[in-house]
Amino acid sequence: MHPTHNNLSEQLQNEVQQAIATHQTLTIKAGGSKDFYGRDVVADKILNVAEHQGIISYEPTELVIKARAGTPIKAIQQALVEHKQMLAFEPPGYNGKATLGGTLASNFSGPRRAYSGAARDYVLGSSIINGKAERLSFGGEVMKNVAGYDASRLMTGALGTLGALLDASIKVVPMPEAELTLTHETTIDTALLKLHQWSQLPLPISASCFYQGRLYIRLSGTENGINSARQTIGGELLNSAANFWQSITEQTHPFFQHKPALWRLSLASNTPVLDIEGDTLYEWGGALRWLKSDVPLQRIRANSYLKKGHSTLFRSTGIRDQIFQPMPAPLLKLHQRLKQAFDPQGIFNIGRMYPDF
Amino acid sequence: MSQMATKSSINLPQLLKQLLTILPTDAVLYQEEDLRPYECDGLAAYRQLPLIVALPDSSEQVQSILRLCNKISLPVVARGAGTGLSGGALPHEQGLLLCLSKLNSILSIDKELRIARVQPGVCNLAISQAIEHLGLFYAPDPSSQIACTIGGNVAENSGGVHCLKYGLTVHNIQQITIVSIDGELITLGGTGLDCPGYDLLALMTGSEGMLGVIVEVSVKLSPRPECTQTLLAAFDDIGKAGDAVASIISAGIIPAGLEMMDKLAIQAAEDFVHAGYPIDAAAILLCELDGSLAEVASHTDAVYELLTISGVTEVRIAKDKQQSITFWKGRKAAFPAVGRISPDYYCMDGTIPRKSLAQVLQTMAEMSQQYELAIANVFHAGDGNLHPLILYDANIPGELQRAEKLGAAILQLCIKVGGTITGEHGVGMEKLDQMCVQFTAIELTQFHAIKAAFDPKSLLNPGKAIPTLHRCAEFGAMHVHHGKLRHPELERF
Ligand SMILES: Cc1cc2nc3c(=O)[nH]c(=O)nc-3n(C[C@H](O)[C@H](O)[C@H](O)COP(=O)(O)OP(=O)(O)OC[C@H]3O[C@@H](n4cnc5c(N)ncnc54)[C@H](O)[C@@H]3O)c2cc1C
């Protein structure tokens, strides 16, 4: 699959200009794969960036790919595979529907995140349309760049509330020469203990997961390197490992398939097992916990460990209001002012993240 | 931009009285001889005495100081160790210099989470030293690491030799606490890996003291690799060395460090520390590989072969740790070594796509002849982050100006090939004009709006990092009227 080349920058800019002139609000949409995520947005119009597609440049020796926001993640991954490279943050492709823009706007990363970094860590530069219908470029295509504020990383995870992403340059990495996954039958307490012992050693761990009494550890690196690490970690070799990790990345594993509220909890990795009723799947060495639970939102957020971390109501069938954990007042004030700085008239994705902006 | 305070509006005795309600007497400096050590940072060509220096030793004191400055509209310039190379910590004539060197405690080390919580004045190397016995290290290692502070590192998003593999400061911090200009304590980031809301942790990183004062940093610690191996490769042509860099990276190998030195730098370093460098070489590459024993062994073989294909004239593989230290000795001492062969040097920091290395180095050699100033190159080749050192003598009239012009021409060359004017040293006071070339007026306006969101009165490090549009307009005019002095407002020496 090669993405079509289609530069709609000007058209999109005109649409934003129109919206400003007619005092209409916009909801930014690309593949629609993350419609479930965030608060409900009621907007006058849709700014559709799905057709704004294409890999603008890709030079394997520079380890950089630059693509338009509507380019499917899958198309990017396919272009990279041809040169034995990959996106280090392993984002979900959501049936080919996830786009580069949406992935960055949500800062979605997969199992490798705890070991190689998040989407935001690989963003080198981006172009956007801000709420004044201006086209701006920040950062660039080189590995190190401290000229100007890091507005590209600011866009990452902003859920489109600061502007519409047009394109982005992403640092890519070589694919590991070899990979294998080991499993241990164990308890969660022992699993957390082991994960923390291993994380202090220079081991080529690239993913970890615990679910229903089984710990999964993926090793990536040179053939020799992962074989020697295997001695330290022990356990059984998992046969269809690639399928397993894909089901975690894409959230197609049976765990994700039930309907009650699915929480995404971001915590200090050594937080003990939480005393909340529900089913839990652990990732990222314990730092990410997926919780399926019927316990009401207020009671979940009242958990003392969760007060120190961050809880996101990732998927729910109910009203999508308090999706993200409320922020302290001074931090909220900074968010509102930044929103004002990028989108003074309040056009983009109003309320997608927090009700206040 | 906003020189908010004017001489007449600040009553020094009154300010002193107010500060002394917050700080003890020895933590406030105002006599000229006490201010003198603070007049510049690592870019000594720019000097300015501050009105007053404050040396808080707690974040509460920082909060009170900023509340006071906000109330009386007094500009504040934060300072760590003052090793910055772009004039970022250059004092404001009518402002307070907020020196964070007394906030220098390591607050906690969590081995299990691999996090150290430190105050901003803690020196970079002190962190790695404090955790060495745990088999951990803090990866970003600027060459100035024995002196520079972690607060300064965050403010500049500093890099170092090992950033090629381990990332920059922004990739190695988990949480920071800042004090806003109105004195609020705000925590950015979190104990987990991702948190909702805007990535203000990233925005603060590299913001050069313009958005808030960092009073605490939680840094991520990495496990020490099982083994490291260093290779030294010599080339008779700098272009071949550049190609070798590209071939290593495109073979899927990310060395821990990949550094290049050109002939002039090799010779200067050799004269200084006698590392046994091949002084006839046009360029040398230092390549450090790390990982498990097995991994390093296979990468060493692969790199050796790639170097051979690239037309290397000599490859040395360090036999032991001692030899590896010797290989690095010259690189680490390269800046002072160049300082020995020239009365002054001016260090540039442009970053370019790796593929343009050979072309840019060639063009710089031509520029060097044209401006009649020698250039020594010693740099982070793996990242494409150049550090051309322009040699000049400030005592020869016109040489500093010529060096600055050559520097500006080099930075514009970096932009032309798709790079940037600064990879790790920041814009500060120094590269304001080049910002006008790299960014459009609307982008600069957006930057000013970000600044205003944090600091509406523009009291934090005013006039640095982002040029005013007015300045850019004048800079544009300067291209036409050659021979005009840059930064006429700045003292020359
Ligand atoms: C010989 C030499 C080698 C160097 N090598 C490298 C290198 O390899 N890589 C690299 O990246 N840099 C290098 N540098 C540059 C410099 O050391 C770094 O920029 C360093 O991070 C500055 O730290 P500092 O504590 O000295 O900060 P300062 O110079 O004191 O301040 C730098 C900037 O940070 C702001 N600041 C400082 N502390 C705070 C705070 N707590 N809160 C908010 N703002 C703050 C200041 O206002 C200023 O804008 C080198 C410098 C020298 C002299």
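Proteins get letters first, then strands, A, B, ... in listed order; numbering begins at 1 in each.
Using a 4.0 Å cut-off between charged side-chain N and carboxylate O, A:Glu59 and B:Lys355 make a salt bridge. The existence of a salt bridge linking A:Arg153 and B:Asp199 is excluded, since no basic side-chain nitrogen approaches an acidic carboxylate oxygen closer than 4.0 Å. Using a cut-off of 4.0 Å between Lys/Arg side-chain N and Asp/Glu carboxylate O, B:Asp455 and A:Arg337 are scored as not salt-bridged.
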Exercise for review: Show your reasoning for whether side chain to side chain contact (heavy atoms under 4.5 Å, CB included) applies to A:Leu331 and B:Leu188.
Suggested key: CA-CA 8 Å; A:Leu331 189 57; B:Leu188 309 174; 3.5 Å; yes

Q: Using the side chain to side chain contact (heavy atoms under 4.5 Å, CB included) rule, take B:Arg114 and A:His196 through it: C-alpha gap first, then chi angles, then the decisive distance, then the call.
A: CA-CA 9 Å; B:Arg114 286 186 288 119; A:His196 285 91; over 6 Å; no

Quick one, A:Asn145 with B:Thr351, criterion side chain to side chain contact (heavy atoms under 4.5 Å, CB included). Give me CA distance, side-chain angles, the key distance, then yes/no.
CA-CA 7 Å; A:Asn145 189 352; B:Thr351 302; over 6 Å; no

What do the steps show when you test A:Lys144 against B:His380 for side chain to side chain contact (heavy atoms under 4.5 Å, CB included), and what is the final call?
CA-CA 10 Å; A:Lys144 291 164 95 175; B:His380 313 301; 3.4 Å; yes

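With a 4.5 angstrom heavy-atom cutoff, B:Phe439 touches chain A only via side-chain atoms. Heavy atoms of A:Asn130 lying under 4.5 Å from chain B belong exclusively to its side chain. For B:Glu184, the part sitting under 4.5 Å from any heavy atom of chain A is the side chain, from C-beta outward, and nothing else. With a 4.5 angstrom heavy-atom cutoff, B:Gln446 touches chain A only via side-chain atoms. Heavy atoms closer than 4.5 Å to chain A are found in both the backbone and the side chain of B:Asp194. With a 4.5 angstrom heavy-atom cutoff, B:Gln174 does not touch chain A via any of its atoms. Only the side chain of B:Ile186 comes within less than 4.5 Å of a heavy atom in chain A; its backbone stays farther off. Heavy-atom distances place the side chain of B:Ser298, and not its backbone, under 4.5 Å from chain A. The part of A:Ala118 that comes within reach of chain B is its side chain, from C-beta onward, which places non-hydrogen atoms under 4.5 angstrom from that chain. Both the backbone and the side chain of A:Gln200 come within less than 4.5 Å of a heavy atom in chain B. In this structure, chain A has no heavy atom under 4.5 Å from any part of B:Asp290. Residue contact with chain A, scored on non-hydrogen atoms closer than 4.5 Å, involves the backbone of B:His425 exclusively. Proximity to chain A is absent for every atom of B:Ser180, based on heavy atoms less than 4.5 angstrom apart. Interface remark: B:Ile442 contributes backbone and side-chain atoms alike to the contact with chain A (heavy atom separation under 4.5 Å). No part of A:Ala229 comes within reach of chain B, as not one of its non-hydrogen atoms sits under 4.5 angstrom from that chain. With a threshold of 4.5 angstrom between heavy atoms, A:Pro330 approaches chain B through its backbone and through its side chain. Neither the backbone nor the side chain of B:Leu444 comes within contact range of chain A; no heavy atoms are under 4.5 Å apart. Contacts of B:Ser292 with chain A are made by side-chain atoms alone, with heavy-atom separations under 4.5 Å and no backbone atom involved. For B:Gln438, the part sitting under 4.5 Å from any heavy atom of chain A is the side chain, from C-beta outward, and nothing else.
Ranked by heavy-atom pairs under 4.5 Å with chain B, the list A:Thr61, A:Val146, A:Leu338 is led by A:Val146. Considering only heavy-atom pairs separated by less than 4.5 Å from chain A, the leading option among B:Ala449, B:Ser250, B:Pro196, B:Gly252 is B:Pro196. Residue with the most contacts toward chain A among B:Leu200, B:Ile421, B:Leu136, B:Leu134: B:Leu200 (heavy-atom pairs, distance under 4.5 Å). With respect to chain B, the highest number of heavy-atom pairs below 4.5 Å among A:Leu195, A:Val142, A:Asp150 belongs to A:Val142. Of the listed residues (A:Leu162, A:Val173, A:Leu201, A:Thr161), the greatest number of heavy-atom pairs within a distance under 4.5 Å of chain B belongs to A:Leu162. Between chain A and the residues B:Ser207, B:Pro353, B:Gly190, the most heavy-atom pairs under 4.5 angstrom are made by B:Pro353. The greatest number of non-hydrogen atom pairs below 4.5 Å with chain B, out of A:Ile226, A:Asp121, A:Leu63, is found for A:Asp121. In terms of non-hydrogen atom pairs under 4.5 Å with chain A, the most contact-rich of B:Gly291, B:Ala453, B:Ala251 is B:Ala453. In terms of heavy-atom pairs under 4.5 Å with chain A, the best-connected choice from B:Val170, B:Ile254, B:Leu168 is B:Val170. Interface summary for chain B: among A:Glu134, A:Met143, A:Arg264, A:His335, the most heavy-atom pairs under 4.5 angstrom belong to A:His335.
Ring centers of B:Tyr198 and A:Tyr354: at least 6.0 Å apart, outside the cut-off.
In the displayed structure, A:Tyr305 atom OH is contacted under 6.0 Å by at most 12 heavy atoms of other residues, nucleotides or ligands.
Taking CG from A:Asn224 and CG from B:Leu293, the interatomic distance works out to 10.5 Å, rounded to the nearest 0.5 Å. Summarising the geometry, atom CD belonging to A:Glu141 is positioned 13.5 Å from atom CD1 belonging to B:Ile352; distances are rounded to the nearest 0.5 Å. Rounded to the nearest 0.5 angstrom, B:Leu211 CG and A:Leu334 CG are separated by 9.0 Å. Summarising the geometry, atom CD belonging to B:Glu208 is positioned 8.0 Å from atom OH belonging to A:Tyr149; distances are rounded to the nearest 0.5 Å. Interatomic distance, NE2 of B:His171 versus OG of A:Ser116, reported as 11.5 Å (0.5 Å rounding). Atoms CG and CG, from B:Leu193 and A:Leu288 in turn, are 8.0 Å apart once rounded to the nearest 0.5 Å.
Closest of all the heavy-atom pairs between B:Ala294 and A:Gly225 is CB-N, 3.9 Å. In terms of heavy-atom proximity, B:Pro223 sits nearest to A:Ser199 at CG-O, 3.5 Å. Taking every heavy atom of both residues into account, B:Ala202 and A:Arg120 meet most closely at CB-NH2, 3.7 Å. A pairwise comparison of heavy atoms in B:Leu113 and A:Ala268 identifies CD1-CB, 4.0 Å as the closest pair. Of all non-hydrogen atoms in B:Thr191 and A:Gly309, the two that sit nearest each other are OG1-CA, 4.2 Å. Closest approach of B:Met435 to A:Ala147, counting heavy atoms only: SD-CB, 3.9 Å.
The main-chain N or O of B:His299 is never found under 3.5 Å from a side-chain atom of A:Thr222 such that the two would form a donor-acceptor pair. The closest donor-acceptor contact from the side chain of B:Glu295 to the backbone of A:Gly221 lies at 3.5 Å or more, if one exists at all.
Between A:Ser137 and B:Glu443 the shortest side-chain heavy-atom distance falls below 4.5 Å.
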